[in-house]
There are 4 protein chains.
Amino acid sequence: MTKAERTRELIITKAAPLFNTKGVAGTSMSDILEVTKLAKGSLYVHFEDKEDLAHAVVDYHIERLGKAIETALGKADSAQGKLLAYIDLFMDPVNPLLAGGCPMLNFGMESDDTDQVIRKKICSFMDTGLKLIYSIIKSGKDNGEFKADWDGKEFSIRMFATIEGGIMMSRIAGDNKTMKVIARGLKKEIEDHSA
Amino acid sequence: MTKAERTRELIITKAAPLFNTKGVAGTSMSDILEVTKLAKGSLYVHFEDKEDLAHAVVDYHIERLGKAIETALGKADSAQGKLLAYIDLFMDPVNPLLAGGCPMLNFGMESDDTDQVIRKKICSFMDTGLKLIYSIIKSGKDNGEFKADWDGKEFSIRMFATIEGGIMMSRIAGDNKTMKVIARGLKKEIEDHSA
Amino acid sequence: MTKAERTRELIITKAAPLFNTKGVAGTSMSDILEVTKLAKGSLYVHFEDKEDLAHAVVDYHIERLGKAIETALGKADSAQGKLLAYIDLFMDPVNPLLAGGCPMLNFGMESDDTDQVIRKKICSFMDTGLKLIYSIIKSGKDNGEFKADWDGKEFSIRMFATIEGGIMMSRIAGDNKTMKVIARGLKKEIEDHSA
Amino acid sequence: MTKAERTRELIITKAAPLFNTKGVAGTSMSDILEVTKLAKGSLYVHFEDKEDLAHAVVDYHIERLGKAIETALGKADSAQGKLLAYIDLFMDPVNPLLAGGCPMLNFGMESDDTDQVIRKKICSFMDTGLKLIYSIIKSGKDNGEFKADWDGKEFSIRMFATIEGGIMMSRIAGDNKTMKVIARGLKKEIEDHSA
DNA sequence: TATGAATGAGCCTTCATTCAT
DNA sequence: TATGAATGAAGGCTCATTCAT
């Protein structure tokens with residue numbers, strides 16, 4: 001890793017929680033300067049402009065969330081275990097994995113009308129997540145864990161939406177009660193479809 | 001309605017789509033001046049500062065959304081009809097009721113870490129919505145429309161979360177496919193609990 | 001004159017010598033702030049941006065130079081007198097009428113490849129000057145002051161060019177010797193064509 | 001020529017048209033980096049600072065223009081031929097010998113109030129040019145080509161000024177019409193003084 | 001000699017807001 | 001109440017230059 005790469009990484013990791021917490025528009029380059037303790041022009045050695053940095057930060061969040069999911073699911077050795085692990089990962093929106101909360105909600109809701117590049121990044125990550133859940137269900141049906149007549153497509157979409165909605169509700173409420181209800185509901189549904 | 005009140009109302013209604021689309025941080029007082037065609041100082045005759053205006057705009061969104069729900073549900077004369085009407089109201093996130101999309105998602109996600117006043121306004125509106133759905137189910141159980149063993153509390157939370165998550169997903173994707181799957185799922189569940 | 005107009009005028013008159021001396025690119029908005037003693041944002045109340053101000057300053061120089069020519073020529077009551085008065089106006093390039101020197105040279109040479117709006121402003125003023133000289137010669141021929149076979153068109157162009165070239169040479173040299181030689185030559189030629 | 005000398009030369013030749021077109025203040029070191037495709041620090045290996053480079057670029061222009069004059073005049077074998085060749089060299093200001101136009105006008109008008117080093121370089125080159133024209137006339141008078149009573153000093157100054165003024169006018173107008181009128185006038189005057 | 005990351009002053013401009021009218 | 005000129009902090013970004021490698 002060259003010095004430039006290390007500095008670039010430093011900027012991204014320090015900027016990430018700011019963008020995810022205060023939004024892109026709500027975060028100034030000076031805010032980032034402050035947390036990185038870099039000099040004025042240095043940001044522009046590594047990023048063309050604020051937009052370019054914001055995109056890199058979104059990528060970083062996507063990568064971190066993706067890896068967290070991968071790790072969590074890697075520990076489970078059954079399809080059902082993986083689905084439950086996925087849900088558990090989002091069980092505590094008040095103290096989230098990534099400071100500021102779910103980047104899909106944060107960047108997705110800020111960018112849907114204002115930054116198509118970010119919107120598309122989030123969109124493609126969402127697709128990946130959706131496909132992951134679907135593939136777990138499918139493999140669970142293939143190996144006999146889940147009932148063959150379970151509509152995996154419908155459930156994966158609904159599970160994804162419900163979790164995101166639950167995160168939103170819990171963060172707005174400032175407590176995890178809602179999320180717990182939702183998790184229980186989803187888990188029950190999964191168990192009900194166990195063969 | 002005095003002239004002052006009318007001007008205040010004008011500012012709010014013109015500012016509302018801007019705030020809901022570009023966010024509070026992403027909208028400048030000049031943006032609002034432009035769409036209202038008012039003079040610079042005028043904004044501050046009616047609002048203390050940008051924050052004050054933002055709060056009024058959030059209230060306005062809440063009121064409009066509340067009335068839209070009330071109207072839609074008023075047309076239905078059964079509990080089941082009301083639940084389905086509620087769902088239908090959010091079926092088209094790409095061309096939403098309020099320009100910019102669901103204000104709970106937009107303002108909720110921007111404010112959760114930055115503006116406690118807005119967060120609480122959204123939170124209390126969310127509670128109202130939740131209680132409304134719950135009360136419809138309850139009255140449906142009371143009048144024999146719904147099965148008595150249906151867990152109304154759990155469902156109202158899950159329905160609310162799923163719809164919001166569906167809105168988020170559809171807006172990020174830029175099409176309503178996801179929302180349709182979700183609506184179908186919720187409606188089926190409601191029908192399954194009909195007595 | 002409203003307050004705004006007065007402030008606008010103040011900015012232009014204070015900025016004019018700066019632009020004409022250091023060039024548009026070489027003058028910063030802070031330089032202008034300093035001489036006007038205005039606050040940062042104030043410039044942008046009256047001018048869209050630096051370019052807009054630069055254009056206004058060019059207009060101002062054109063107007064001032066135009067009026068100076070008009071005044072000087074107004075005092076002469078013969079065609080020959082007017083031509084000589086014109087030459088005299090440019091006789092002291094080291095202490096020019098307008099601080100920084102001839103705006104046609106300064107703005108013309110800076111803008112020819114960089115700012116077409118300025119270039120065109122200067123071009124049209126140049127045309128006006130050219131036509132003025134030509135019309136004086138013509139009226140002098142009409143009233144019998146000048147020989148009828150004098151080529152007024154050719155001379156007006158050559159006189160204009162020679163004066164501008166002389167200004168350039170004197171300013172580069174830092175003394176008016178060159179300009180004096182040129183003035184003498186032009187005056188002699190004019191006298192040679194007296195009827 | 002060492003590698004260092006070659007790099008220095010590369011920088012100068014690439015920077016020259018930029019400075020002559022956009023001015024010293026209007027050209028940034030990054031602009032030069034871009035056209036030379038050199039690394040950031042490299043410029044400062046060969047030049048102390050921007051000023052130093054600007055001075056070298058002025059020298060380069062002076063040298064190139066000097067050589068062009070020398071070459072053009074070398075082809076003529078009479079005094080009159082040399083004078084006409086000089087004029088012809090400046091006949092097309094819209095497509096000038098040096099990109100950006102006459103460096104005496106460009107650098108002279110930018111520097112007269114701002115950079116005394118450049119001003120003096122241009123001034124001394126101007127003197128050289130003036131003396132060259134004068135010496136041609138003198139040798140023409142000596143060898144009987146020109147009338148003995150021709151005021152060579154006055155004419156050389158006037159010719160120089162008229163050409164520079166003509167260049168200025170043609171560049172501002174964006175066409176060579178003016179220059180053609182001027183060239184014709186000067187040439188006629190030269191012929192009129194042929195013995 | 002050459003590199004390119006780093007610097008921090010300074011660039012033009014916009015911001016939310018105030019104030020005299 | 002309404003106006004729009006004025007304010008100055010802060011915005012994002014570029015500048016010429018330095019320095020460790």
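Order of the sequence lines fixes the chain letters, A, B, ..., with proteins taken first and strands second; residue numbering starts at 1 for each chain. What you see below is based on every heavy atom in this structure, not just the backbone, and it leaves out hydrogens, waters and symmetry mates. Here the structure is a predicted model, which means the values were calculated and not measured.
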(message) Show me the dot-bracket string of DNA chain E, counting Watson-Crick or G-U pairs under 3.5 Å, with | for pairs to another strand and [ ] for crossing ones.
(response) .||||||||||||||||||||
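Look at B/Ser30 and you'll find a side-chain N or O under 4.0 angstrom from OP1 or OP2 of E/dC15. The phosphate of E/dC15 (OP1 or OP2) has a side-chain N or O of B/Ser28 nearer than 4.0 angstrom.
Expressed to the nearest 0.5 Å, how far NE2 of C/His61 lies from CE of C/Met104 amounts to 11.5 Å. One distance of note links CD of B/Glu110 with CZ of B/Phe19; it measures 9.0 Å at 0.5 Å rounding. Distance check: D/Leu43 CG to D/Asp52 CG gives 11.0 Å after rounding to the nearest 0.5 Å.
Side chain of D/Lys22 to main chain of C/Ala25: no donor-acceptor pair is present (N/O by atom type, distance under 3.5 Å, no hydrogens or angles). Distance alone, capped at 3.5 Å, is enough to place a donor-acceptor pair between the B/Asn20 side chain and the B/Gly101 backbone. In this structure, the side chain of A/Arg119 does not engage the main chain of A/Asp112 through any donor-acceptor pair within 3.5 Å.
Between the P atom of F/dT17 and the CG atom of D/Leu38 lies a distance of 16 Å, rounded to the nearest Å. One interatomic measurement links the two molecules: CG of D/Leu10 to C1' of E/dA2, which rounds to 14 Å at whole-angstrom precision. Separating the CD1 atom of A/Ile32 from the P atom of F/dG12 is a distance of 8 Å, rounded to the nearest angstrom. With rounding to whole Å, C/Arg6 atom CZ is found 14 Å from F/dA6 atom C1'. Rounded to a whole Å, the NZ atom of B/Lys37 is 18 Å from the C1' atom of F/dA2. Atom pair A/Lys3:NZ and F/dA20:C1' shows a separation of 7 Å (rounding to whole Å applied). The separation between B/Glu5 atom CD and F/dT1 atom P is 11 Å, rounded to whole Å. For the pair B/Phe47 CZ and F/dT1 C1', the interatomic distance rounds to 14 Å; values are reported in whole Å.
Distance from the side chain of C/Ala39 is smallest to F/dT7 among E/dA2, F/dT7, F/dC15. Considering only the side chain of C/Val45, F/dT7 comes nearest among F/dT7, F/dC13, E/dT13. Closest to the B/Lys50 side chain, of the nucleotides E/dT3, F/dC15, E/dA16, is E/dA16. Taking the side chain of D/Met29 as heavy atoms from C-beta on, and the options F/dA5, F/dA16, E/dA6, the nearest nucleotide is F/dA16. In this structure, of E/dC15, E/dA2, F/dA2, it is E/dA2 that holds the atom nearest to the side chain of D/His46. Among the nucleotides F/dG12, F/dA6, F/dT7, the one closest to any side-chain atom of A/Tyr44 is F/dG12.
Residue C/Thr2 is classed as having no contact, given no heavy-atom separation below 4.0 Å to the nucleic acid. Contact annotation for C/Ala4: backbone-only contact, meaning every heavy-atom pair under 4.0 Å involves sugar-phosphate atoms and none involves a base. Using a 4.0 Å heavy-atom criterion, one finds that C/Lys40 contacts the bases of the nucleic acid, with or without backbone contacts as well.
Here the options are C/Val57, C/Val24, C/Ile32, the test is side chain to side chain contact (heavy atoms under 4.5 Å, CB included), and the partner is C/Leu18; only C/Ile32 passes.
B/Ala56 and B/Ile12 get closest at one heavy-atom pair: CB-CD1, 3.9 Å.
Where D/Asp49 and C/Thr7 each meet DNA chain F at their nearest nucleotide, the meeting point lying more 5' is that of C/Thr7.
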